[in-house]
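Read the structure below first, then the notes.
Chain letters run A, B, ... following the sequence lines, proteins first and then strands; every chain starts at 1.
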Amino acid sequence: MLQIKTIHERTDDVKNALKKRGFSAEELNVVDEVVNLDNQRKATQTKLDAVLAQINSKSKAIGGLFKSGKVQEANDMKKEVTDLKSEKDPLEDQLRQITVDIQNILFKLPNMPHAKVPEGLSEDDNVVVKDWDKPLPSLIEGAKAHWDLAELYNIIDFELGVKITGSGFPLYRGKGAIFQRALINFFLDEAREAGYEEIIPPLLVNEASGIGTGSLPDKEAQMYHMEKDNLFLIPTAEVPVTNIVRNVILKEDDFPIKFCAYTPCFRREAGAHGSDVRGLNRVHQFDKIEIVQVEHPDRSHDTLDNMVSYVEGLLNKLELPYRILRLCSGDLTFASALTYDFEVFSAAQEKWLEVSSVSNFETFQTNRMKCRYKDANGKTQLAHTLNGSALALARIVAALLENNQTENGINVPEVLRPYTRFDLID
RNA sequence: GGAGGAGUGGCAGAGCUGGUUUAAUGCACCGGUCUUGAAAACCGGCGUGCCUUCACGGGCACCGGGGGUUCGAAUCCCUCCUCCUCCGCCA
């Protein structure tokens, strides 16, 4: 959430940022609207505070009058306060309404893109900042896509998933299940070595947590909602893990805070039917290891670069061909200021699959969740949050299965063998 | 799920028969005096957000969340949440 102060002080910057996001001239009017509302809020509060101050002092005086037995004077003053209350109530209602109106607008404004974010409308305008410069893997004759390999080796059963739950809920079995577990442990061990504290968070979160990361309101469509308990199944570990610092005031030397977490992720993917949904390409439940950092604003962009390098290291160890994209303004997610996407080449499908997204949210999330720190002058400032997938399993599995297939079976990457305790899926 | 008790500033802990409490006091923390230095002692500071002021400062709100009663609520009422104790059920 953008700070109202920022909108006041840098109105033109905010407008330009939103324009970059694709806001039309007409849509940009909300910026002036919210500034106006905030001015109204200030004026209303000034009036209200003055009335309240009178009520407070008179009420206190009434107490003194009663004590000294001046009942008549006390009763007279009571009437005065009653009159003041008729001024107070409408002002209170007004202030409440204005506050809600401001909040509703702020909730709908996306983050301001960082200067590095390229202008663009869709994913076609994303910039490849690091391309794969080695040859792409050449596959055996009659190479299969992962959904066919899954069936051939009986490692992932999509139909059983459909039977038990519905489409998009794959069932892993045998070496397929073990392979998943190996990847999870590998990623967690790597993260630990990189200094991330491992977290096992709740998989259901409340409304406040959803709002904190920007998953709520309005984006309920992406989350499974337990209406009876008003809880949401997490779409990513980012939600519960980042909310660890909700309503926390940190010390400057607490930075950087580094968490990692493995969780299943649940996404409704409403309206995402059609292309690219076969097999593991797009599912409702998948496993992911997430890394999260809470950083000092001065260092967060260096940290973002470090996180990108970290993810790159993982892909190198798995020997997967990848490329890194800097998302353009049109493809940037709602809460992000700057995002790098990692894509892995799926040889049998002959397409690039998104397997990781590493973002700096700057103060967008911390403003929502009130995560602050005390600076050298003792002033409270908003911290920065970052996160990245390190990594998301389903598509990594798809790429590994396809790229490593041989006539005899599927080769397990070297780094995973200590975890799988087998070298070949056959 | 049932019954009872409780949620106060970083922590501990008063206040809770509604009105000089502007939330006492202690610990912790920060600054100062003293000291060669440190400890102790003493003095001062010590929450968050908002409004207002060039500034000094002034004002408002917050005692788990929300709502209500009242001239006035940490204190009374309603509701939700959380924790503790006991009972029941259960991996």
Side-chain angles (χ1 to χ4, degrees), chain A residues 1-9 34-107 200-212 216-217 225-232 240 243-254 257 363 365-383:
Chain A
M1 190 163 68
L2 298 178
Q3 296 176 80
I4 189 73
K5 202 173 65 178
T6 309
I7 301 177
H8 261 290
E9 291 169 1
V34 80
V35 168
N36 272 333
L37 280 169
D38 197 48
N39 287 331
Q40 285 178 45
R41 178 188 63 87
K42 288 178 182 178
T44 308
Q45 186 173 339
T46 305
K47 277 190 238 166
L48 175 62
D49 283 357
V51 174
L52 287 174
Q54 284 191 63
I55 291 177
N56 284 344
S57 67
K58 285 188 198 257
S59 296
K60 200 172 285 179
I62 290 170
L65 289 174
F66 272 123
K67 261 200 182 125
S68 51
K70 297 175 181 166
V71 177
Q72 183 54 44
E73 288 177 46
N75 283 329
D76 288 349
M77 199 171 273
K78 264 196 195 180
K79 284 203 188 71
E80 289 178 35
V81 181
T82 308
D83 291 344
L84 282 170
K85 274 185 80 178
S86 64
E87 285 183 53
K88 182 192 87 164
D89 292 341
L91 283 170
E92 264 183 347
D93 291 344
Q94 211 175 316
L95 184 64
R96 203 181 322 224
Q97 187 56 50
I98 293 171
T99 307
V100 168
D101 290 346
I102 291 173
Q103 186 78 312
N104 285 339
I105 291 176
L106 291 181
F107 272 150
I200 299 182
L203 305 182
L204 288 161
V205 292
N206 58 29
E207 213 170 354
S209 294
I211 289 171
L216 288 174
H225 184 202
M226 312 287 152
E227 270 183 47
K228 200 163 182 182
D229 301 294
N230 197 25
L231 296 173
F232 299 83
N243 273 281
I244 290 172
V245 295
R246 171 154 49 89
N247 286 326
V248 169
I249 298 181
L250 300 158
K251 294 193 283 287
E252 246 181 337
D253 56 11
D254 288 333
I257 293 174
T363 60
Q365 294 184 325
T366 51
N367 186 38
R368 287 178 160 235
M369 62 174 74
K370 298 291 169 260
C371 168
R372 293 156 295 175
Y373 69 96
K374 285 225 190 277
D375 68 14
N377 303 320
K379 277 194 72 178
T380 51
Q381 308 278 2
L382 293 173

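- Nucleotide B:C83 has B:G5 as its partner under the Watson-Crick or G-U criteria, with both atom distances under 3.5 Å.
- Counting heavy atoms from C-beta on, the side chains of A:His225 and A:Asn230 come closer than 4.5 Å.
- The shortest side-chain heavy-atom distance between A:Phe232 and A:Leu216 falls under the 4.5 Å cut-off.
- In terms of phosphate contacts, A:Asn56 brings a side-chain nitrogen or oxygen within less than 4.0 Å of OP1 or OP2 of B:A61.
- The same atom, P, is picked in B:U8 and in B:G2; the two are 25 Å apart, to the nearest Å.
- A:Asn56 and A:Ser59 are not linked by any side-chain donor-acceptor pair at a separation below 3.5 angstrom, with hydrogens and angles left out of the test.
- Atom CD of A:Glu92 and atom C1' of B:C60 are 11 Å apart (whole Å).
- In this model, the phosphate group of B:G49 is approached by a side-chain N or O of A:Thr380 to a distance below 4.0 Å at OP1 or OP2.
- Side-chain contact between A:Leu91 and A:Gln94: present, with at least one pair of heavy atoms (C-beta onward) separated by less than 4.5 Å.
- At whole-Å resolution of the value, NZ in A:Lys5 and C1' in B:G49 are 12 Å apart.
- Contacts of A:Lys374 with the nucleic acid, taken as non-hydrogen atoms under 4.0 Å apart, involve only primed sugar atoms and P, OP1 or OP2.
- Taking atom C1' in both B:G10 and B:G45, the straight-line distance is 16 Å, to the nearest Å.
- For the C1' atoms, the distance linking B:C84 with B:C30 amounts to 36 Å, nearest Å.
- Side-chain proximity of A:Lys42 to the nucleotides B:C51, B:U22, B:G72 is greatest for B:C51.
- Comparing the same atom, C1', in B:C27 and in B:U79 gives a spacing of 37 Å after rounding to whole Å.
- Set against B:C71, B:C60, B:G49, the side chain of A:Arg372 has B:G49 as its closest nucleotide.
- Between the CD1 atom of A:Ile55 and the P atom of B:A61 there is a distance of 9 Å, rounded to whole Å.
- A gap of 13 Å separates the P atoms of B:A73 and B:G18, to the nearest Å.
- Remark on RNA chain B: of its neighbouring residues A:Ile249 and A:Ile62, the 5'-side contact belongs to A:Ile249, judged by nearest-heavy-atom nucleotide.
- In summary, of the residues considered (A:Gln72, A:Lys78, A:Lys79), a side chain to side chain donor-acceptor pair (under 3.5 Å) with A:Asp76 occurs for A:Gln72 alone.
- Nucleic acid contact class of A:Lys58 (heavy atoms, under 4.0 Å, all strands): none.
- Listed for the A:Arg246 side chain is no donor-acceptor partner under 3.5 Å among the backbone atoms of A:Met369.
- Nucleotide B:C11 is matched to B:G26 when pairs are restricted to Watson-Crick or G-U wobble geometry with both distances under 3.5 angstrom.
- Between the P atoms of B:C16 and B:U22, the separation comes to 14 Å (whole Å).
- Taking atom C1' in both B:C90 and B:U70, the straight-line distance is 48 Å, to the nearest Å.
- In this structure, NZ of A:Lys379 is placed 16 Å from P of B:G47, rounded to the nearest angstrom.
- Rounded to an integer number of Å, the gap from A:Ile4 CD1 to B:G49 P is 17 Å.
- Note: CG (A:Asp49) to P (B:A61) measures 7 Å, nearest angstrom.
- When distances run from any side-chain atom of A:Arg41 to the nucleotides B:C51, B:G49, B:G72, the shortest one goes to B:C51.
- Between the C1' atom of B:C81 and the CD atom of A:Glu207 lies a distance of 14 Å, rounded to the nearest Å.
- Side-chain nitrogen and oxygen atoms of A:Lys47 include none within less than 4.0 Å of the OP1 or OP2 phosphate oxygen of B:C51.
- Nucleotide B:G72 forms a pair with no other nucleotide shown, judged by Watson-Crick or G-U wobble geometry with both contacts under 3.5 Å.
- Distance A:Leu84 CG to B:C60 P: 13 Å, rounded to the nearest Å.
- Here B:G47 sits opposite B:C62 as a Watson-Crick or G-U wobble pair (both hydrogen-bonding atom distances under 3.5 Å).
- Nucleotide B:C42 has B:G32 as its partner under the Watson-Crick or G-U criteria, with both atom distances under 3.5 Å.
- Going from the P atom of B:A23 to that of B:C63 covers 11 Å, rounded to whole Å.
- Taking only side-chain atoms of A:Arg96, from C-beta outward, the nucleotide of B:G72, B:U52, B:G67 with the closest atom is B:G67.
- Side-chain contact annotation: A:Gln97 with A:Asp101, donor-acceptor N/O pair under 3.5 Å present.
- The nearest heavy atom of RNA chain B to A:Gln45 and to A:Leu52 marks one nucleotide each, and the one closer to the 5' end goes with A:Gln45.
- The side chain of A:Thr82 lies closest to B:C71 when the candidates are B:C71, B:C51, B:U22.
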